[in-house]
Amino acid sequence: MFQQRTHTCGQLTKEDTGKKVVLNGWVDRIRNLGGLIFVLVRDRYGKTQVVFDPNDNKEVYERSLELKNEFVVSITGVVRTRPEKDINLGMKTGEIEVLATQLEIISESEVPPIYINKDEDVSENLRLKYRYLDLRKEKMQKNLIIRHQVMKATRDYLSSQNFLEIETPYLTKSTPEGARDFLVPSRLKPGTFYALPQSPQLFKQLLMVAGFDRYFQIARCFRDEDFRADRQPEFTQIDIEASFIKREDIFNVTEQLIKDIFQKTINEKIVVPFRRYTYDDVMNKYGSDKPDTRYGMEFIELSNYFEETEAKFIKEELANGSVLKGFIIPEKAENFARSKFDELVEYVKSLGSSGMIWISLTNSGDIRSNIKKIAEREIRKLIENDIIKKNSVMLMILGENSKVNQILGQLRNKIIKQEFEKKSGFDFLWVIDFPMFSWSEEEQRIMAEHHPFTMPNLEDFKKFKDIDPLKIKSQSYDLVINGYEIASGSIRIHDRTIQKEVFEVLGLTENEIEEKFGFLIEAFKYGAPPHGGIAVGMDRLVSVLVGEDSIKEVIAFPKTASGSDPMTGAPSPVSKKQLDELNLILLNELTNKEE
Ligand code: ASP
């Protein structure tokens, strides 16, 4: 039996001087100072300096020569105050050290394939293959501790507001959230499959029908999506639903929850209520439904300055109903050489624009622009009216309004990444009044913008459902933090007829509705309360809290971009026996057999 710790490695202070203590932990680093050996012992709580002194205890000193990084040890010793010059105030235990009187090597370690005690650029694959070592790093430990605190704050706050945590199944039927399902074959019913839930959406609505008027769950969701930046095939949501509520109630609960989480985890006081923008507003101002407004650069409509321009292509397009919009990059004219503008022109062309107009006004008042020759008069007007100020750059796009918004939005994001240091602080906003439906170019069909259980704006719905469904707004909302969609929800449909009509707009036949969602429509026959809710993306929320760009930094065992886990090797082939039990034959084996 090893000697059990009396203290953690982050606990001892000057007050403990003279005490005999036992520490358990990992060897973080060893310094051999000709005669004295200093070992930093680490556990999740911190690090403590242990001294091995041959003059004090020769036998223990000699054993300490066997130590290597990442050995697991139990050390008994006496706490002493460090000499003034060695005090390290940057460390919790920096005022003391432990003079070792006993050393027990509990477990040895080979040279680890990645450094634990210093930052280095190692490949993601290596980090994930040895994730248990990667997770020993101070930063990763801190991230997971904050993640725990977020979950605890969530449970505490929502419980205090009468929300009940109720689990819903993982083995279920498809819930459409716009992604592909992960399927699990059923052994007992060969040829049939469960789907892993893309979210608990339908179950939480059924819990409302069941009368649990305030529900939440820290729920795992599964979506089989192709790689898009920083997505995980399984991720966690703080899933919330409530009955007899209005949108304002959901906003209020979410704002208070977020406020509590920020306060309790990083001690940041945030101001509620959050600002609100309509979807049309954010698209017109920032060309994105999740803008980071800390960087400013709102779009300005400039068409009226150019209506009488001699630049023919602009004048003609404007006369044909196009708009000319742009945004100003302040204080940056010096950063923009001609070649940079040329690159940006190529970039917007790759997004489908016919070109980009740029104007830059230097500090000394020189104008540079690709339309200077043909539209100097208009440029001067923009300067006189203080729209373009000294040392700033204006980028403009001409075309159909929504396309211009979309292209300018991507251009603005690129400029933010390229030209600005990452800003500190938190920028919260709600986006409301989303369209109910959108047109998917890829699938050539109408899709639900949020999901098909969202309550449409009923006036719009009556008016446009048969003639122009894309004009219908919905009662859904998103919460955006620092340019990330952090939460998303809606008031739901609780009426069978409306629900059926929405499915019909989406092109589902009577049979498909019955087969896929019959149980929901059936439930609405038996007294469905009005209800609504929201789901907060936990991984993203934690990454914003700890200032990480990637959600992988706040998930203990994430997958790579291709959905694999280099540590366990998942996904991996299974045995023939397992396939037989599931009544499955792999296509390549089938072909082999036929040959
Ligand atoms: N189920 C939705 C989602 O996963 C959230 C909600 O509407 O509550 O995005």
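The structure presented is a predicted model; accordingly, all values stated were derived computationally and were not measured. As the structure lists them, so they are numbered: ligands from 1, and atoms in each ligand from 1.
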Item to check | Atoms of ligand 1, numbered as shown, that sit under 4.0 Å from any heavy atom of Ala535 | outcome: 5 (C), 8 (O)

Checklist outcome for this item: Per-atom filter on ligand 1: closer than 4.0 angstrom to a heavy atom of Gln201 are 1 (N), 2 (C), 5 (C), 6 (C), 7 (O), 8 (O)

Checklist entry - Ile534 heavy atoms, cut-off 4.0 Å: which ligand 1 atoms fall inside? => result 8 (O)

Item to check | Residue pair Ile472 / Lys465, side-chain heavy-atom distance below 4.5 Å | outcome: yes

Checklist entry - What do you reckon, does Gln237 have a nitrogen or oxygen under 3.5 Å from a nitrogen or oxygen of ligand 1? => result yes

Checklist entry - Where does Gln198 meet ligand 1, judged by heavy-atom distances below 4.0 Å: at the side chain, the backbone, both, or neither? => result neither

Next on the checklist: In this structure, is the centre-to-centre distance between the rings of Phe251 and Trp430 below 6.0 Å?
Outcome noted: yes

Checklist entry - Could Arg131 and Phe557 be counted as a cation-pi pair, given that NZ or CZ must be under 6.0 Å from the ring centre and within 45° of the axis? => result no

Item to check | N or O contact, Glu241 vs ligand 1, cut-off under 3.5 Å | outcome: no

Checklist entry - Short question: side chain of Thr560, backbone of Ser564 - any donor-acceptor pair under 3.5 Å? => result yes

Checklist outcome for this item: The atoms of ligand 1 lying under 4.0 Å from a heavy atom of Lys204, numbered in the order shown, are 6 (C), 8 (O)

Checklist entry - So, does Asp427 use its side chain to make a donor-acceptor pair with the main chain of Thr293 at under 3.5 Å? => result yes

Next on the checklist: Please list the nearest protein heavy atom to atom 5 (C) of ligand 1 with its residue and the distance rounded to 0.1 Å.
Outcome noted: Ser488 O, 3.4 Å

Checklist entry - So, Tyr286 versus Phe327, ring centres under 6.0 angstrom or not? => result no

Item to check | Pair Phe163 + Tyr215: ring centers closer than 6.0 Å | outcome: no

Item to check | SB check Arg127 Glu124 (cutoff 4.0 Å) | outcome: no

Checklist entry - Just checking, is any N or O donor in the side chain of Gln499 or Asp495 under 3.5 Å from an acceptor N or O on the other one? => result no

Checklist entry - Looking at atom 9 (O) of ligand 1, what's its closest protein heavy atom, distance included? => result Glu177 OE1, 3.7 Å

Checklist entry - In ligand 1, which numbered atoms sit nearer than 4.0 Å to a non-hydrogen atom of Gly489? => result 6 (C), 7 (O)

Checklist entry - What part of Ile240, side chain, backbone, both or neither, has a heavy atom within less than 4.0 angstrom of ligand 1? => result neither

Checklist entry - Going by distance only, is there an N or O of Arg223 that falls short of 3.5 Å from an N or O of ligand 1? => result yes

Next on the checklist: Evaluate Ser199 for polar contact with ligand 1, using N/O atom pairs at a separation under 3.5 Å.
Outcome noted: yes

Checklist entry - Is NZ or CZ of Lys173 both nearer than 6.0 Å to the six-membered ring centre of Tyr194 and within 45° of the ring axis? => result no

Item to check | Which of the ligand 1 atoms, numbered from 1, are nearer than 4.0 Å to a heavy atom of Arg492 | outcome: 6 (C), 7 (O), 8 (O)

Checklist outcome for this item: Note: His451, heavy atoms under 4.0 Å from ligand 1, region reported as side chain

